[in-house]
Each structure stands twice: as C-alpha cells, then as structure tokens.
Visitor: 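For reference, the structure I am asking about is given below.
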Amino acid sequence: MASLVLSPAEQDFITRGVEQGFRADGRSGLDRREVTLRTNMISQANGSARCRIGHLGVGTDVLVGIKAEVNTWAPGEPEDKGTIVCNVECSPSAAQEFEGRGAEELNVELTQLLDRMLNGPQSGLELEKLCIIPKQAYWVLHVDALVLDVKGSIVDTLVWAARAALLSTKLPRVVVESITDEDGNLQSEFDVVDDAEDQVAVEGAENLPLTVTFNQIGKRYVIDASEQEEAVTQARLTVAVSPQLEICAVQKGGLLRGFPPSLLTEILQTARRIARDEFVKFKKLYEAAGSAQTTDEPNTGSTFLGAF
C-alpha cells in the first residue's frame, strides 16, 4: 500500500541509493526499523498485543485482540478441530485514503492472508487441541486486528502482533465428564472453569511463523520498506518462515510486476537468514513485554493507547 506521491528527483534518489547499498534513513537494505512490542493490553480479551515497527508517528502500528468462545458443532464442520476466525480493519485515521470505504480492499487482503497463515497446516497451531468434544463442541478464537497507523511494512507488523497475541492468549480450563443417560448410552458433557488462575495456553503458538517482506526497488531489494520506499516499489514479496527456518508460505503483493528468477532464489535464501535473527529478537521483545506491565499503567481497554 503506497499513496505517497514523490517527485521524479525523490524517486531517483531512493532508487539509486538502494542500488548502491544505502537508504534515506541510514539503514542498510536488510535492516529493520526499531520494533516496539507490548502484550496483554486489553483486559477484556483472552490475549492481546500491540506492535509498532518504526518510531511513533513515522511507523506502522497494529493492535490485535483475541477472544475465545465455545461453539456448537454443526454438520459439515471439522469433527475434531477448533477454528480461528480472522478480521483485519484499517482505522480511518491511519491514512487519508482509508476514509469512507477506501480501506475495504486492503482489509480483505490482510484478513485473507492472516486467515491462511493461522488456519493452514503451516501455522503450527494444534487446532485439534481446540476441540472440546468431537462432533459436539469446540473453541473458536476470534483474532481481530486494528491497524492504527501505516508507514510501510504493514504485513510484517500485523504478523508480529498476531503472533504475540496468540502466545499471550489464555483459555479457561475445560472439564469433560462422561455420564450414562437413562437408556444406558454414554454421553459426554463439559464444564468451563471460570477461574483466572486456572487457564491454559494455546498449544502450538510457539510454532507460528514470522514474515519478511521484500520490496524490489531498481535492481535490488530491501526489507521493511518505509512509506517513501513503498512509493517507488516495483514488486513486493512476503515470505513466511517457521521457527525451524523452513519457508512455509510466499505471497506476491498487489503490484503487476514480479521478481526475476535469479533474484527470487536469492530472496528466499535471504529470508531464512533474516528470520533466524528475527525470532531471537521477537523472543527478547516478547519476554520484555510480559514484564513491562506496572501498576502505573492501567490494563484496560479504554486506556491502552496511552500506555504504548
């Protein structure tokens, strides 16, 4: 997504700089901007996280909240799995073109991307563990993301926030009992334990991938493109890499051009190398985010913006 209009001189400056190995903000082609991550920012949610890539006001900012609910199984649905329902919305205040219905196409694109990543086999999530009783009841995780600001690299920011939110998600413990009815048939019943101290994590969340988005500018490429760099991008490719450093998904952006085959091979190899460092960085930021909550920063849905 790029709505910024640059003059020919600005476009030439950015393009030539990338081809020669430097960028307008001083980063190298494979450097990511500063990442800020916070978790458990919405007390009414089962899990939540907020991620900003870039500095305040000049970065991309995404908030993700996760709400769990028990759903009754219906014919045609998977018999022994839970499910994840995704929804991504761009705030009208995030960019001028999002006012009115301007963000509808981007909302659909991001929602579909996140849904494929979380519900597909490459997610690493153990959806079978979200089943309470086969053919009877299962957990549904509603993953709702709100894009608060957009200054480049929206997909990577969204994935960082969603991964942190799912890792922070806690589900009530469910007790399943088998009873015999009047006809002597064995029936299963369950009870959701309403105890904040007796909760379980979403199994497999630690296996979720991270994404690295490459933008081709001129004859070279960069990661974590700024708003100005996206305005001169010729092609965009998002690569999802698992914690085991396996490439589990590749998605081309909405641009008409594609990457040359030789450059594509190099990008896939580079994505795995970058992801190795990104998982280390994510772990440090996530652990720090969990210990950053203080009594001076109320953990409520009405005040989360002021604490970030």
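Heavy atoms only: backbone and side chains are in, while hydrogens, waters and symmetry mates are out.
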Visitor: Can you tell me how far apart OG1 (T169) and CG (N46) are? Round to the nearest 0.5 Å.
Guide: 6.5 Å
Visitor: Checking the side chain of D80 only, and the main-chain atoms of P134 only, is there a donor and an acceptor separated by less than 3.5 Å?
Guide: no
Visitor: Name all residues meeting the ring pair (Phe, Tyr, Trp, His ring centres under 6.0 Å) criterion together with Y138; count only those two or more places apart in sequence or in a different chain, and write none if there are none.
Guide: none
Visitor: Would you check, one step at a time, whether the test side-chain contact (heavy atoms from CB on, under 4.5 Å) holds for V222 with F214?
Guide: CA-CA 6 Å; V222 298; F214 295 84; over 6 Å; no
Visitor: Tell me, do V64 and V62 make a side-chain contact under 4.5 Å, heavy atoms counted?
Guide: yes
Visitor: Which residue pairs pass the salt bridge (charged side-chain N to carboxylate O under 4.0 Å, His left out) test when at least one of the two sits in residues 126-143, sequence neighbours left out?
Guide: E79-K135
Visitor: Of the non-hydrogen atoms in D224 and D31, which two are nearest, and what is the gap between them?
Guide: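 Taking D224 first and D31 second, the nearest heavy atoms are CB-O, 4.3 Å.
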Visitor: Which pairs pass side-chain hydrogen bond (donor to acceptor under 3.5 Å, both in side chains) with one or both residues in residues 202-214, sequence neighbours excluded?
Guide: D156-T211, D156-T213, T213-T238
Visitor: Is it the case that S7 and E10 place a side-chain donor and acceptor less than 3.5 Å from each other?
Guide: yes
Visitor: Is it true that D61 and R50 make a salt bridge, defined as a side-chain N closer than 4.0 Å to a carboxylate O?
Guide: yes
Visitor: Does atom CZ of F13 have more than 12 heavy-atom neighbours from other groups under 6.0 Å away?
Guide: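 No, CZ of F13 has 12 or fewer neighbouring heavy atoms, counting only those of other groups under 6.0 Å.
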Visitor: Check for a donor-acceptor pair, side chain of S48 on one end and backbone N or O of M41 on the other, with a separation under 3.5 Å.
Guide: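 At least one qualifying donor-acceptor pair exists.
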Visitor: Taking only residues at least two apart or on different chains, which pairs with a member in residues 260-281 satisfy salt bridge (charged side-chain N to carboxylate O under 4.0 Å, His left out)?
Guide: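 Applying salt bridge (charged side-chain N to carboxylate O under 4.0 Å, His left out) to every pair that reaches into residues 260-281, excluding sequence neighbours, yields R32-E278, R220-E266.
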Visitor: What pairs of residues pass the ring pair (Phe, Tyr, Trp, His ring centres under 6.0 Å) test when at least one of them lies in residues 47-75, not counting sequence neighbours?
Guide: none
Visitor: By the rule that ILVMFWY residues connect when side-chain heavy atoms come within less than 4.5 angstrom, directly or transitively, which residues belong alongside F22?
Guide: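 Other cluster members: none.
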Visitor: Suppose we screen for side-chain contact (heavy atoms from CB on, under 4.5 Å). Which residues come up paired with D25, at least two apart in sequence or across chains?
Guide: R23, R27
Visitor: Going by salt bridge (charged side-chain N to carboxylate O under 4.0 Å, His left out), name the pairs with one or both residues in residues 163-176, residues two or more places apart or in two chains.
Guide: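 Qualifying pairs: R173-D198.
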Visitor: Of all residues at least two apart in sequence or in a different chain, which pass the side-chain hydrogen bond (donor to acceptor under 3.5 Å, both in side chains) check with S168?
Guide: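 Not a single residue meets the side-chain hydrogen bond (donor to acceptor under 3.5 Å, both in side chains) criterion with S168.
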Visitor: Determine whether D115 and V85 make a side-chain contact, defined as any pair of heavy atoms from C-beta on separated by less than 4.5 Å.
Guide: no
Visitor: Which residue pairs satisfy the ring pair (Phe, Tyr, Trp, His ring centres under 6.0 Å) criterion with at least one member in residues 154-179, sequence neighbours excluded?
Guide: W160-F282
Visitor: Using the rule given for side-chain hydrogen bond (donor to acceptor under 3.5 Å, both in side chains), can you reason through T15 versus D12, listing the C-alpha separation, both sets of side-chain angles and the distance that settles it, and then say yes or no?
Guide: CA-CA 5 Å; T15 301; D12 185 65; over 6 Å; no
Visitor: Main chain of I154, side chain of T60: is a donor-acceptor contact present, judged purely on distance under 3.5 Å?
Guide: no
Visitor: I'd like to check the side-chain contact (heavy atoms from CB on, under 4.5 Å) partners of K284; sequence neighbours left out, ordered by chain and number.
Guide: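 Result, side-chain contact (heavy atoms from CB on, under 4.5 Å) vs K284: V280.
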Visitor: Could you please spell out the steps behind the side-chain contact (heavy atoms from CB on, under 4.5 Å) verdict for Q216 and T233?
Guide: CA-CA 6 Å; Q216 183 184 358; T233 290; 5.7 Å; no
Visitor: Applying side-chain contact (heavy atoms from CB on, under 4.5 Å), name anything that partners Q122, two or more places apart in sequence or on another chain.
Guide: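 C248.
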